[in-house]
Amino acid sequence: MKTIDTLGDLRGKRVLVRSDFNVPLDGTTITDDGRIRAALPTLTELLDAGAKVIITAHLGRPKGSPDPKYSLAPVAQRLGELLGKPVTLAADTVGEDAKAKADALGEGEVLLLENIRFDPRETSKDDAERGALADELASLADAFVSDGFGVVHRKQASVYDVAKRLPHAAGKLVFKEIDSLSKATGNPERPYAVVLGGSKVSDKLGVIGNLLTKADELLIGGGMVFTFLAAKGYSVGTSLLEEDQIEAVKGYLRDAEANGVEIVLPVDIVVAPEFKADAPATVVPADAIPADQMGLDIGPESAKLFADKIAQARTIVWNGPMGVFEFDAFANGTKAVAQAMQDAAGFTIVGGGDSAAAVRILGFDESKFDHISTGGGASLEFLEGKELPGVAVLGD
Ligand SMILES: Nc1ncnc2c1ncn2[C@@H]1O[C@H](COP(=O)(O)OP(=O)(O)O)[C@@H](O)[C@H]1O
Ligand SMILES: O=C(OP(=O)(O)O)[C@H](O)COP(=O)(O)O
């Protein structure tokens with residue numbers, strides 16, 4: 001990968017930057033700005049060099065059309081505060097307003113394009129469709145800097161295809177992430193434990209097969225757990241469940257046994273009748289979730305079990321909250337894992353937009369973790385040893 005300085009003199013040049021500004025929101029309030037702060041070193045370098053900076057980013061998973069709920073307006077505001085200069089938000093992604101505002105941009109000024117996932121071509125599986133959007137993005141700029149580490153595992157127009165159309169470089173965040181994560185992939189000190197949770201269940205189930213050849217222990221919590229419990233034949237009530245993955249999970253359980261990898265599942269679950277902050281919470285054994293209840297956190301016995309395993313491991317990677325930590329009643333499992341990671345003697349990596357946010361929001365000390373990655377899926381795929389499309393394309 002090339003560094004920004006290989007792009008030559010950037011004064012007066014239009015530089016398109018892909019950032020990951022997929023921050024947690026409560027309405028229009030950003031509850032954790034970690035991903036915006038992580039983007040600052042690259043943006044500052046470009047602005048100091050006199051570039052005209054045009055940023056493209058996504059927020060959430062809108063359905064390929066404009067949706068005010070997923071507007072980047074709160075991000076433009078916060079980024080402006082952090083940079084100490086106004087950040088203009090285009091009303092569209094590559095439309096008339098984006099073009100006009102890109103043309104009007106001066107040296108050292110910043111334009112943020114509206115959520116790139118408002119355009120259905122961004123996430124299209126069709127190369128030509130993505131290519132057409134990438135052509136339009138590329139026409140706005142003279143060079144491309146890829147700095148959204150959290151999204152480099154996605155083969156998407158603003159991450160992958162645009163790099164094929166412009167002189168390109170990797171930003172400082174992408175370099176820093178790869179450097180830190182490489183320390184854990186090379187030759188991890190053992191026991192090597194991976195803690196998985198969160199709600200992007202189908203994405204993350206996909207990495208398990210590969211992790212079974214690398215890690216010594218997998219600790220499973222969060223929304224993932226119910227597909228495992230279902231695979232063991234337990235009923236999971238109204239919890240998150242990927243029914244079409246149950247057979248695959250049965251296979252993982254068999255492979256784990258054959259490989260001598262321990263899959264540690266919760267022994268108790270905090271359940272509630274609905275997904276609400278003030279829903280009445282009860283602790284039940286993991287094999288006795290009532291039919292009308294959903295699992296929203298791992299229970300206290302499981303939290304102790306997970307904390308013990310983390311204390312004994314020498315390398316620990318954690319992605320995905322153990323429960324719905326945004327609601328106090330369901331935050332204890334995530335707190336217990338974060339505390340155990342903070343106290344661990346082993347090498348600790350936390351990855352993921354929400355996991356990293358949880359560490360900060362729940363008041364843990366970031367400096368006590370060896371690396372806090374801005375990417376969850378991206379860091380897991382990197383640790384699997386997979387080629388990340390958004391990184392591979394930068395080597396071309
Ligand atoms: N049991 C559960 N049921 C529903 N959602 C859950 C559950 N456990 C965790 N979550 C949710 O998972 C979300 C984070 O998932 P994910 O995006 O996969 O993590 P990350 O961003 O760290 O990679 C959080 O918003 C949390 O509320
Ligand atoms: O939040 C993100 O990833 P993460 O939850 O794996 O950390 C990235 O912004 C990627 O988002 P996506 O998983 O909707 O492609």
Side-chain angles (χ1 to χ4, degrees), residues 18-26 31-32 34-36 38-39 57-63 70 75 115-117 122-123 148-156 158-159 177 195-207 220-229 236-242 266 269-272 274-277 279 281 286 289 293-299 302 317-334 337-338 349-361 372-382 388-390:
R18 178 49 158 110
S19 298
D20 183 355
F21 288 154
N22 190 18
V23 290
L25 288 178
D26 185 1
T31 55
D32 179 72
R35 277 183 165 157
I36 307 178
H58 75 281
L59 181 70
R61 292 177 170 178
K63 302 270 171 273
Y70 295 109
V75 170
N115 192 337
I116 191 70
R117 291 190 183 170
E122 167 69 357
T123 55
F149 179 74
V151 82
V152 290
H153 59 315
R154 304 292 185 210
K155 192 174 180 182
Q156 296 178 350
S158 68
V159 179
E177 290 271 12
V195 189
L196 284 182
S199 59
K200 292 181 179 170
V201 181
S202 46
D203 281 1
K204 287 173 192 172
L205 284 175
V207 309
I220 310 281
M224 320 254 310
V225 101
F226 306 102
T227 309
F228 279 82
L229 297 179
V236 298
T238 57
S239 310
L240 263 188
L241 176 65
E242 297 280 330
I269 300 286
V270 184
V271 297
E274 55 187 328
F275 190 92
K276 253 173 93 177
I289 298 176
Q293 304 263 320
M294 59 177 72
L296 295 178
D297 194 10
I298 59 169
S302 314
V317 171
W318 170 33
N319 169 254
M322 293 295 99
V324 184
F325 75 94
E326 296 90 339
F327 301 155
D328 284 349
F330 309 106
N332 291 328
T334 303
V337 164
I349 296 181
V350 185
D354 288 296
S355 309
V359 166
R360 291 184 284 261
I361 291 170
I372 299 193
S373 172
T374 54
S379 60
L380 283 178
E381 290 194 21
F382 185 85
L388 306 175

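Whatever order the structure lists ligands and atoms in, that order sets their numbers, starting from 1. Hydrogens, waters and symmetry mates play no part in the numbers below; they use all other heavy atoms, side chains included. Here the structure is a predicted model, which means the values were calculated and not measured.
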- [ ] Show your reasoning for whether side chain to side chain contact (heavy atoms under 4.5 Å, CB included) applies to Met322 and Val195.
- [x] CA-CA 9 Å; Met322 293 295 99; Val195 189; 3.6 Å; yes
Task: Backbone N/O of Thr374 and side chain of Arg35: donor-acceptor pair under 3.5 Å - done: yes
Open item on the list: Can you report which non-hydrogen protein atom sits closest to atom 25 (O) of ligand 1, along with the distance?
Closed with: Glu326 OE2, 2.5 Å
- [ ] Over all heavy atoms of both residues, which pair between Asp20 and Val151 is shortest? Give the atoms and the distance, please.
- [x] OD2-N, 4.1 Å
Open item on the list: Looking at Glu274 and Ala279, would you say the former's side chain and the latter's main chain have a donor-acceptor pair under 3.5 Å?
Closed with: no
Open item on the list: side chain to side chain contact (heavy atoms under 4.5 Å, CB included), that's the test. Do Val337 and Phe325 meet it? Break it down for me.
Closed with: CA-CA 12 Å; Val337 164; Phe325 75 94; over 6 Å; no
Task: N/O donor-acceptor pair under 3.5 Å between Asp297 side chain and Val270 backbone - done: no
Open item on the list: If the criterion is any heavy atom closer than 4.0 Å to an atom of ligand 2, which residues make the list?
Closed with: Asp20, Asn22, Arg35, His58, Arg61, Arg117, Gly150, Arg154, Lys200, Gly352, Gly353, Gly375, Gly376, Gly377
Task: Donor-acceptor under 3.5 Å (Ser239 side chain, Gly295 main chain) - done: yes
Task: Minimum-distance protein heavy atom relative to atom 1 (N) of ligand 1 - done: Gly295 O, 3.1 Å
TODO: Would you please test Leu380 and Leu196 for side chain to side chain contact (heavy atoms under 4.5 Å, CB included) and show each step?
DONE: CA-CA 10 Å; Leu380 283 178; Leu196 284 182; 3.7 Å; yes
- [ ] Return the option from Gly222, Ala358, Gly323 holding the heavy atom at the smallest distance from atom 10 (N) of ligand 1.
- [x] Gly323
Open item on the list: For Glu242 versus Thr227, what's the shortest heavy-atom pair and its separation?
Closed with: N-OG1, 3.2 Å
Open item on the list: With a heavy-atom distance limit of 4.0 Å, tell me whether Asp203 approaches ligand 1 through its side chain, its backbone, both, or neither.
Closed with: neither
Open item on the list: Among all protein heavy atoms in this structure, tell me which lies nearest to atom 6 (C) of ligand 1, with the distance rounded to 0.1 Å.
Closed with: Val324 CG2, 3.7 Å
TODO: Mark yes or no for whether Glu381, through its side chain, and Leu388, through its backbone, hold a donor-acceptor pair below 3.5 Å.
DONE: no
Open item on the list: Below the 3.5 angstrom mark, is there an N/O of Gly198, backbone or side chain, next to an N/O of ligand 1?
Closed with: no
Task: Numbered atoms of ligand 1 (with element) below 4.0 Å of Phe226, judged on heavy atoms - done: 1 (N)
- [ ] Taking only heavy atoms of Gly223 into account, list the atoms of ligand 1 that are under 4.0 Å away from them.
- [x] 1 (N), 2 (C), 7 (C), 8 (N)
Task: atom 22 (O) of ligand 1 - nearest protein heavy atom and its distance - done: Ser355 OG, 2.6 Å
Open item on the list: What protein heavy atom lies closest to atom 21 (O) of ligand 1? Include the residue and the distance to one decimal.
Closed with: Asp354 N, 2.9 Å
Open item on the list: Would Asp297 count as a polar contact of ligand 1, with the cut-off being nitrogen or oxygen pairs under 3.5 Å?
Closed with: no
Open item on the list: Nearest non-hydrogen contact with atom 19 (O) of ligand 1 belongs to which option: Lys200, Met294, Lys204, Met224?
Closed with: Lys204
Task: Nearest protein heavy atom with distance in Å, relative to atom 11 (C) of ligand 1 - done: Ser199 CB, 3.9 Å
Task: N/O donor-acceptor pair under 3.5 Å between Thr334 side chain and Pro321 backbone - done: no
Task: Any donor-acceptor pair under 3.5 Å from Asn22 side chain to Gly60 backbone - done: yes
